[in-house]
Number of protein chains: 2
Amino acid sequence: MCNFSWVVRNMSASEYFKDFFQHENKVYAQILADIAQGIYVSGDRLVTTALAKRYCTSINPIREAIKQLEGEGFVTSQKNSGARVANFSHATMRDVFEILQLLEPYLFEWYIQRYTQDCLLKLNEVLHQMRSLAVDEHMKFRELDTEFHWLMYKHHYNKSAVQLWKKNKLILQALHGNIPISLARREHTIVEHEKILSDIVNKKPQDAVQALQQHINQGRQYWSKVLVQ
Amino acid sequence: MCNFSWVVRNMSASEYFKDFFQHENKVYAQILADIAQGIYVSGDRLVTTALAKRYCTSINPIREAIKQLEGEGFVTSQKNSGARVANFSHATMRDVFEILQLLEPYLFEWYIQRYTQDCLLKLNEVLHQMRSLAVDEHMKFRELDTEFHWLMYKHHYNKSAVQLWKKNKLILQALHGNIPISLARREHTIVEHEKILSDIVNKKPQDAVQALQQHINQGRQYWSKVLVQ
DNA sequence: TGTAAATGGATTATGTGTAATTTTAGTTGG
DNA sequence: CCAACTAAAATTACACATAATCCATTTACA
């Protein structure tokens, strides 16, 4: 059972997955990846002994990893009752989206003024990959969507804000889980990304920010319709 | 040495301190309070054995509390090298202020529409306390300043955003430490709070938001001048 | 006989002690 | 003054003991 290969298999070949989950603490990174990938879903118990067996270690490192995840808000725990994956509800999604709506324009405005030609090429490459994806590769599509944004924000000077963005994006990922994305939404996402990119290239920063805000709003509306209880 | 009474003595009589530091985990709350109060300052080593003695417990609970604080960004740790209070630099202050500048108007806008008469009275009471404070009670003044904002944000529906605000406010508190506030800045703070309050009472939401933004900006400018290296 | 309370066992969380590896600090010698 | 070595201290991980929680069965009572 002590085998990490299945995790590696699930890992995307893209850079962004590394940036997101790379962590000196293996156990921590594993649990977080498992939550983000929907292996543990909202409300699941995180039993220390079980996790210790799964990750081939003793209980203590597991407890510490869980405490750290608790500090980051991915896990909640009650005294003498252990830890559970945090309750990601419909209300949580609203909250997360609203925080993202504050953060993204802020991070983006810096990018517009400091982007490199090399980075624009990478964005284009991601867009190309999104277009040439098979219809059933929902997970991969969402990864590419996140990577598009990540490429723009990762070098921002405000590392707290970047980390905060990452965290909220991960929560969204966990919330959406394995729910497939409609082809229409996929098409719209690509078009919206294209609009943002072209506004940057054409030196229209105002329009680019607006396009980004609309993009986030569209995503928010789409998911709130899909995840309606 | 196993005595918490000195902590209780330092605790403010006001409500906000309770809200801020109350936590089911005593050790966690203690360490965080110690960081916020400047007992451990930026860069200080957090030696598990020493903390275990201080808080009359064994190493494991200490380690878990530290891990949680690490998850929240108050503590950083290197492998085999233990934990330290996070590096709160001048750049950190800029980052924190920028996040607060995003969050506060967002939280505030909801308050304007949902405030109660009772809450306004409390705000007034806090203002009164600020005015009638002795000139050397810097810490107490800062607590009251924070409480003023806290009263407006604490009931916001977006609990993640509120917690985020709290966290960043705590980092500021740790950064400012025991540095005294100038009397001029104290006077300005009170006037700015009065302006915000009167704009709310006079049903001028637009002006109130603007007053709040200015208030944050003023604080930012003041502290960046004071803490210039 | 049906329902509610109680009891017991199993599972799990929490806290402590200990051994091993690594780091740190102090000291000695060049 | 700097480098290398040594001893003390700290981190890490593990095994164990204790305490709390959960669940199913049994028991008591109406």
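Lettering of chains follows the sequences in order, A, B, ..., and the numbering in each one begins at 1. Computed from a prediction, not measured in an experiment: that's the story for all the values here.
Relative orientation of the Tyr153(A) and Trp165(A) rings is perpendicular, given thresholds of 30° and 60° on the angle between their planes.
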Let me check something: any side-chain donor-acceptor pairs from residues 110-119 of chain B under 3.5 Å, sequence neighbours excluded? List them with distances.
{"unit_1": "Tyr115(B)", "atom_1": "OH", "unit_2": "Lys203(B)", "atom_2": "NZ", "d": "3.1"}
{"unit_1": "Thr116(B)", "atom_1": "OG1", "unit_2": "Cys119(B)", "atom_2": "N", "d": "3.1"}

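Side-chain contact annotation: Gln30(B) with Arg54(B), donor-acceptor N/O pair under 3.5 Å absent. A donor-acceptor contact closer than 3.5 angstrom links the side chains of Tyr106(A) and Glu98(B).
Here the shortest heavy-atom pairing between Ile35(B) and Ala174(B) reads O-CB, 3.7 Å. Across all their heavy atoms, Ala83(B) and Ser77(B) have their closest contact at CA-CB, 3.9 Å.
In this structure, the side-chain hydrogen bond (donor to acceptor under 3.5 Å, both in side chains) partners of Glu64(A), at least two apart in sequence or on a different chain, are Arg63(B). Shown here are the side-chain contact (heavy atoms from CB on, under 4.5 Å) partners of Glu125(B), two or more places apart in sequence or in another chain: Gln129(B).
Residues from residues 77-85 of chain A placing a heavy atom under 4.0 Å of any atom in DNA chain D, listed by number, are Asn80(A), Ser81(A). Remark: Arg63(A) in residues 60-76 of chain A come within less than 4.0 Å of DNA chain C through at least one heavy atom.
Remark: the backbone N or O of Asp95(A) is paired with a side-chain donor or acceptor of Asn158(B) at under 3.5 angstrom.
Remark: P of dT12(D) and OH of Tyr28(A) are 16 Å apart, rounded to the nearest angstrom.
His215(B) pairs in a side chain to side chain donor-acceptor pair (under 3.5 Å) with only one of the listed residues (Glu104(B), Arg220(B), His193(B)), which is His193(B).
Put simply, chain A comes within 4.0 Å of DNA chain C, heavy atom to any atom, from dT12(C) to dG15(C), going 5' to 3'.
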